K.L.:
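Following this message is one structure expressed as structure tokens.
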There are 2 protein chains.
Amino acid sequence: MTLGHKVSDLYLKCRHMDPIPLQTSVTEQTAQRLREAIILGEFPLGTKLSEQKLADQLQVSRSPVREALVLLQTEGLVRVFPKRGTFVFSPDDNLTRDLCEHRTLLETACVALAIERNHARLLKDLKASFTHMQNAVSAENTINYSRGDLAFHRAIIKHSGNSSMIKVYETTIGPIMALRTHLFTITGIQLDRSMEQHQQIIEACAARDVGRAQALCTSHIRHLSDHVFEAQLG
Amino acid sequence: MTLGHKVSDLYLKCRHMDPIPLQTSVTEQTAQRLREAIILGEFPLGTKLSEQKLADQLQVSRSPVREALVLLQTEGLVRVFPKRGTFVFSPDDNLTRDLCEHRTLLETACVALAIERNHARLLKDLKASFTHMQNAVSAENTINYSRGDLAFHRAIIKHSGNSSMIKVYETTIGPIMALRTHLFTITGIQLDRSMEQHQQIIEACAARDVGRAQALCTSHIRHLSDHVFEAQLG
DNA sequence: CGCTCAAAACTACCATGTTACATGGTGGTG
DNA sequence: CACCACCATGTAACATGGTAGTTTTGAGCG
């Protein structure tokens, strides 16, 4: 279990929306480290998380851990049962369906807004993420590929300009990313097909073809959920 | 047997706290009380919340208060500035716009899903809420009117059947409701017009007219946001 | 009279201690 | 042998105390 990230690295990674994060509390650092750990699959889904163990590993007291777990619960990554313990979320069919349905709603709405409001910046970030993913594919680095993929979709949300949706997207995509990580470790993923889909989304955005971009996002997410269900992950 | 009661009896009573833990922690109780207080306008928007004061008022220690504030922060009701304090959220133009845009997205999506998936139950709850609001209007009880209004829109979300959207809706509508409460205290609201809008939404849902229901929800929310902007609340 | 700086008061933040609850095991009893 | 009450242990929930940082205010100085 490798929780030993550098705080500064994590801080840079989670800087998508913080308006004024001049000072970052231990609680937030702890939350970020745990978030990463769950998303990257270092804790198997459904396992119990001991506050004391986490506190020992992260070299902090239990208070920040507790508050971080409260945060992660609102993001759907863990489930807290009073007096019994905290567990990493474990998906069921319904939850996966709901999450993907919700993500589709958000991304289709945001891609329309982003094309309308921030066309240039959207394209810039999409292309940058795409290049990042290409490099990851060449290097066969699945972790970096995931990061690029995440950045790609975050760009769509971010450039919608809607702070509320940006915030919610993070809490929606967390469990999905954790699921996908699990998927990676079990079945792998069809990288070239995924790359093609992203490429098409970029083209549709470049052409300001909102309808096509939305359709592509929808099918892109559907591919993922189908994949999850095939693997019977939930 | 020397003792009066058998342990097994107690076990039966609290056997399995299945879907929702019936044991509610002090933290959640605290969060609920603070949530209500903010939404009902007991704390003016933007005011500073002292952990110690709140702990004294609520007769608990500071730990539950802290964790409750973390919760409320994720719901957008308060804003925590490390080492500086916790403040009730104060809206600006952009936030209000974003929240209403987001709420519109959720409600239009959910009303379509609800009509498709839970038509009967949707209508039942909508009508019940409507009756509740009518009674509140007769009694000139604005608090009850707010509750009914909230229940009305929650019904739409709930019967979409999407757990992820249900969860997010709460965190989206919290600040909006707080804003509306503020609006009430300042300018009042056109109750009859609002009632008419709700009535029309019910009719559209009854007729399974998805497009019309969505359009009505959109304009309903737009009325609210216009009202907020007119009052220059944010 | 206004400005600067420093000290004090306040506050959040984190650590530690205490209590209460849940769980697994064991011995006793029908 | 089976079942159930009791007990021990581990863990979470809550309380409290100490520390570091921020804001404020007031006194001294320009």
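In the text below, chain A, chain B and the rest are named by the order of the sequence lines, each starting its count at 1. If you're wondering where the values come from, they're calculated on a predicted model, not measured in any experiment.
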K.L.:
In whole angstrom, give the distance that lies between atom NZ of Lys83(B) and atom C1' of dA12(C).
P.N.:
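To the nearest whole Å, that distance equals 6 Å.
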K.L.:
Check step by step if side chain to side chain donor-acceptor pair (under 3.5 Å) holds for Glu107(B) and Tyr169(B).
P.N.:
CA-CA 9 Å; Glu107(B) 283 202 29; Tyr169(B) 187 73; 2.7 Å; yes
K.L.:
Which nucleotide in the set dT11(C), dA13(D), dA12(D) lies at the smallest distance from any side-chain heavy atom of Pro82(A)?
P.N.:
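So the nucleotide nearest the side chain must be dA13(D).
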K.L.:
Is Ser50(B) touching bases, backbone alone, or none of the nucleic acid, heavy atoms closer than 4.0 Å?
P.N.:
sugar-phosphate
K.L.:
Please check if atom CZ in Arg121(B) has more than 12 non-hydrogen atoms from other residues, nucleotides or ligands closer than 6.0 Å.
P.N.:
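Incorrect, the count does not exceed 12.
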K.L.:
From CD of Glu28(A) over to C1' of dA12(C), roughly how many Å is that when rounded to an integer?
P.N.:
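Result: 13 Å.
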K.L.:
So, is Thr27(B) close to the dA13(D) phosphate, meaning a side-chain N or O under 4.0 Å from OP1 or OP2?
P.N.:
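So the side-chain polar atoms of Thr27(B) never come under 4.0 Å of the phosphate oxygens OP1 or OP2 of dA13(D).
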K.L.:
How many whole angstroms separate atom CD of Gln52(A) from atom P of dA15(C)?
P.N.:
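It works out to 11 Å between those atoms.
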K.L.:
Could you tell me, to 10°, how much the axis swings from one end of the helix from dC1(C)-dG30(D) to dG30(C)-dC1(D) to the other, five pairs per end?
P.N.:
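Rounded value for the end-axis angle: 20°.
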K.L.:
Report the residue from Leu71(B), Ile39(B), Leu69(B) that forms a side-chain contact (heavy atoms from CB on, under 4.5 Å) with Leu34(B).
P.N.:
Leu69(B)
K.L.:
Nearest-Å distance, CZ (Phe81(A)) to P (dT11(D))?
P.N.:
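After rounding, the gap between these two atoms is 18 Å.
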K.L.:
Round to a whole Å and report the spacing from CG of Leu49(B) to P of dT11(C).
P.N.:
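Leu49(B) atom CG is separated from dT11(C) atom P by 12 Å.
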K.L.:
Ignoring hydrogens and angles, state whether a donor on the side chain of His153(A) or His220(A) is under 3.5 Å from an acceptor on the partner side chain.
P.N.:
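Per modelled atom types, His153(A) and His220(A) side chains form a pair under 3.5 Å.
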K.L.:
Find the distance Leu58(A):CG to dC14(C):C1' and express it as a whole number of Å.
P.N.:
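The answer, rounded to whole Å, is 14 Å.
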K.L.:
Is there a donor-acceptor pair closer than 3.5 Å between any side-chain N or O of Thr47(A) and the backbone N or O of Phe43(A)?
P.N.:
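Side chain of Thr47(A) to backbone of Phe43(A), a donor-acceptor pair under 3.5 Å: no, none is there.
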K.L.:
Rounding to a whole Å, what distance do you find between Arg84(B):CZ and dC13(C):C1'?
P.N.:
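About 15 Å, once rounded to whole Å.
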K.L.:
For His198(A) and Phe130(A): C-alpha separation, side-chain torsions, deciding distance, then whether ring pair (Phe, Tyr, Trp, His ring centres under 6.0 Å) applies.
P.N.:
CA-CA 7 Å; His198(A) 287 105; Phe130(A) 190 77; 7.2 Å; no
K.L.:
Distance check needed: dC14(D) C1' versus Glu51(B) CD, whole Å only.
P.N.:
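Between C1' of dC14(D) and CD of Glu51(B): 15 Å.
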K.L.:
Applying ring pair (Phe, Tyr, Trp, His ring centres under 6.0 Å), run through Phe81(B) and Phe87(B) and close with a yes or a no.
P.N.:
CA-CA 8 Å; Phe81(B) 296 91; Phe87(B) 301 81; 5.7 Å; yes
K.L.:
Please list, by residue number, the residues of residues 60-72 of chain A whose heavy atoms come closer than 4.0 Å to an atom of DNA chain D; answer none if no residue qualifies.
P.N.:
Arg62(A), Arg66(A)
